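When a ligand or atom number is given, it counts from 1 through the structure's own listing order. All values reported here derive from a predicted model rather than from experimental measurement. Values below: all heavy atoms of this structure, side chains included; hydrogens, waters and symmetry mates excluded.
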Amino acid sequence: MPPPRGGHFGPGFLTDEEKENKPKVTKELIKRIFSHLAPYKLRLGAVILCLLVSSVMSLLPSVLTGKIIDEGLIGQNMNALIFFIVLSLAVTFGANMIGVLESWLNSWIAQHITYDMRNKMYAHLQKMSMRFFTSSNQGDIITRMTSDISGVQQIITGTLTNIISNIITLVVAMVVMFGQSPILAFIGILIVPLFTIPTRSAGKTRWSITKESQECSDEINGILNETLSVSGQLLVKLFGMEKREYDRYEKVNHKMIDLNIREGMAGRWFRVALSTFSSIGPMLIYLAGGIIMMNFDDTLTVGDITVLVALLGRMYGPVNQLLNIQVDWIRSMAMFTRIFDYYDMPVEIEEKPDALTPADTDGTVEFRNVSFSYSEERQILGDVSFKLESGRSIAIVGPSGSGKSTLVNLIPRLYDVTGGEVLFGGNDVRDLSLSFLRGNIGIVSQETYLFNGTIRENLLYAKPDATDEELEEACRRANISDFVEKQEKGLDTVVGNRGLKLSGGEKQRISIARILLKDPALMIFDEATSALDSISEQKIQDAIEPLIATRTSILIAHRLSTVLAADEILVLKDGRIVERGTHSTLVKAGGVYTELYETQFSKALQKAGEIEKREE
Ligand code: ATP
């Protein structure tokens, strides 16, 4: 379970999980953390200096109180009284001003370090392979980018500054106390641990409530995420589950308010306990001080005793915070370890230092004995060889799961082959620069992804400097211009979250227009398996057919019309090419293709024929 939200790191207790997964703090880890601070060492030095000066200065008024009492009030010296009062105020003001400077410097450094770390993490994540994105939890990636790195900021502005300023305050306070009266200082220091008793026990109660309310709030978020998303609401509405979902939500919502009230009360009891305990300390010092002053040491003054009491009060906070530092420390280390784990993830698809960027490419593709597996347990492709000449087209057909999408993903190096080689324009794809390779390949994938923006913005993603004429031409050729023109805002129509405001067919045609703008040497069209109505299908067909006829293309085909448009057909089964040829030769062969034709393609045709007949 993650640490509770709010506050710095929450109360000073580690969860069981945190205790179990305590990070190993090695010299390397510390060195690495400091390497991120290194560019800012001058400013960090200035922060430490500010902390030192302001901590000492903020203790001075307590010492000056002694002078105000002894020399001003008891000594009845007006000048001394005014002098020490003004000095005390000036010192407090000065300490606060330095404190402001320190906070500014501190947050400047913290912000810049997190800025560097975020950029570094984002750049690294961009280099990660599709394998990483398909196998990691999206929430995890976002958490590392956001809360983990924000945690670093808190460590610098909170933990680090706290450690330094608390140590300085404690040391200075102790030195002054021992200077005033070693015996009283000793008594005072014996009392200090007492101060921490109420904090720790109240902390424990609050911690357990916070843990519960965290679980509760996770549950609430879960319900909201599930039921207030587009697909969630659709399900709720269609199954008439509004009442049930409301009851579920209301129940946890109620639990949450109970917990919040309990938490508030725990805070109240904590303050009662704290004020009781913190009034005992000064009383003990007054008592011991009085006994010493009256019986043993008449040089001890009222002012001295007041100073000791004041300083003792100032020690409570730092002692308490330092006692909790260990927890902050472990959490900070865990946070850095998690971030560094991400930095250290190897980049799977890497460009060679001497990668080729040819001036031009003819878009030819050749697979030579290619094999591939996502994981060691199961081979997905085996011994795949074929050659696609420039300007020609190949259709890949095969049962679902036979490895068609996997095969085409190897061309732009979304994954690397595990055996054999893939050539693009005559070069092994692993020798080419990634920007060259991917810049010359256009993929219309099954799952069309559109960003939440306008149609224009989505199209410009392929060619940022495209003119309006080019955009319109691409839309016309992709058979989407009718739709665009019908929209009130035309190209500036917003497509909605992931393009949800558009139909499947419209999205596909926009993505075809996007590829047309990119104008790649090789086009890959992964036909959607999901059913589109025959009009949409026809529109897409009309858009891609001229494309296939004029450029090098690979089609993953699920419909006969697409298969027929290609020059050659490869039949894939269990990751192997089992047949190849033209439609007529393959149908006659009576193999896998014939079976596919009979089960998939011709049935669809038959159905369409029947529907038409019925309509007539
Ligand atoms: P369909 O026609 O249904 O789209 P396909 O022929 O394109 O199927 P692929 O998507 O290439 O098939 O999948 C081939 C096999 O690889 C499937 O068994 C699938 O479970 C597996 N697979 C696909 N993607 C991954 C992945 N990222 N990690 C692990 N296994 C995967």
Would you say ligand 1 has an N or O under 3.5 Å from any N or O of Gly401?
yes

Can you check whether Ile380 has an N/O within less than 3.5 Å of an N/O in ligand 1?
no

Note: ligand 1 atoms sitting under 4.0 Å from heavy atoms of Ser400 are 1 (P), 2 (O), 3 (O), 8 (O)

In a table with atom names and distances, give each donor-acceptor pair under 3.5 Å that connects a side chain of residues 357-365 to protein atoms at least two apart or in another chain.
unit_1	atom_1	unit_2	atom_2	d
Thr357	OG1	Ser433	OG	3.4
Thr361	OG1	Gly363	N	3.2
Asp362	OD1	Thr364	N	3.1
Asp362	OD1	Thr364	OG1	3.1

Is Gly398 near ligand 1, meaning one of its heavy atoms is under 4.0 Å from it?
no

For Thr406, the ligand 1 atoms with a heavy-atom partner under 4.0 Å come out as 9 (P), 11 (O), 13 (O), 14 (C)

Where ligand 1 meets Arg378 - atom numbers and elements under 4.0 angstrom, heavy-atom basis:
15 (C), 17 (C), 18 (O)

Which residue pairs pass the ring-ring contact (aromatic ring centres under 6.0 Å, His included) test with at least one member in residues 421-442, sequence neighbours excluded?
none

I need the atoms of ligand 1 closer than 4.0 Å to a non-hydrogen atom of Tyr415, numbered in the order shown.
27 (N)

Can a salt bridge be assigned to the pair Arg32 and Asp344 using a cut-off of 4.0 Å between side-chain N and carboxylate O?
yes

Is it true that, when you exclude Lys127 itself, more than 12 heavy atoms of the residues, nucleotides or ligands shown sit nearer than 6.0 Å to its NZ?
no

Compute the ring centroids of His124 and Phe132, then answer whether they are less than 6.0 Å apart.
no

Salt-bridged, Arg248 to Glu245, with N to O below 4.0 Å?
yes

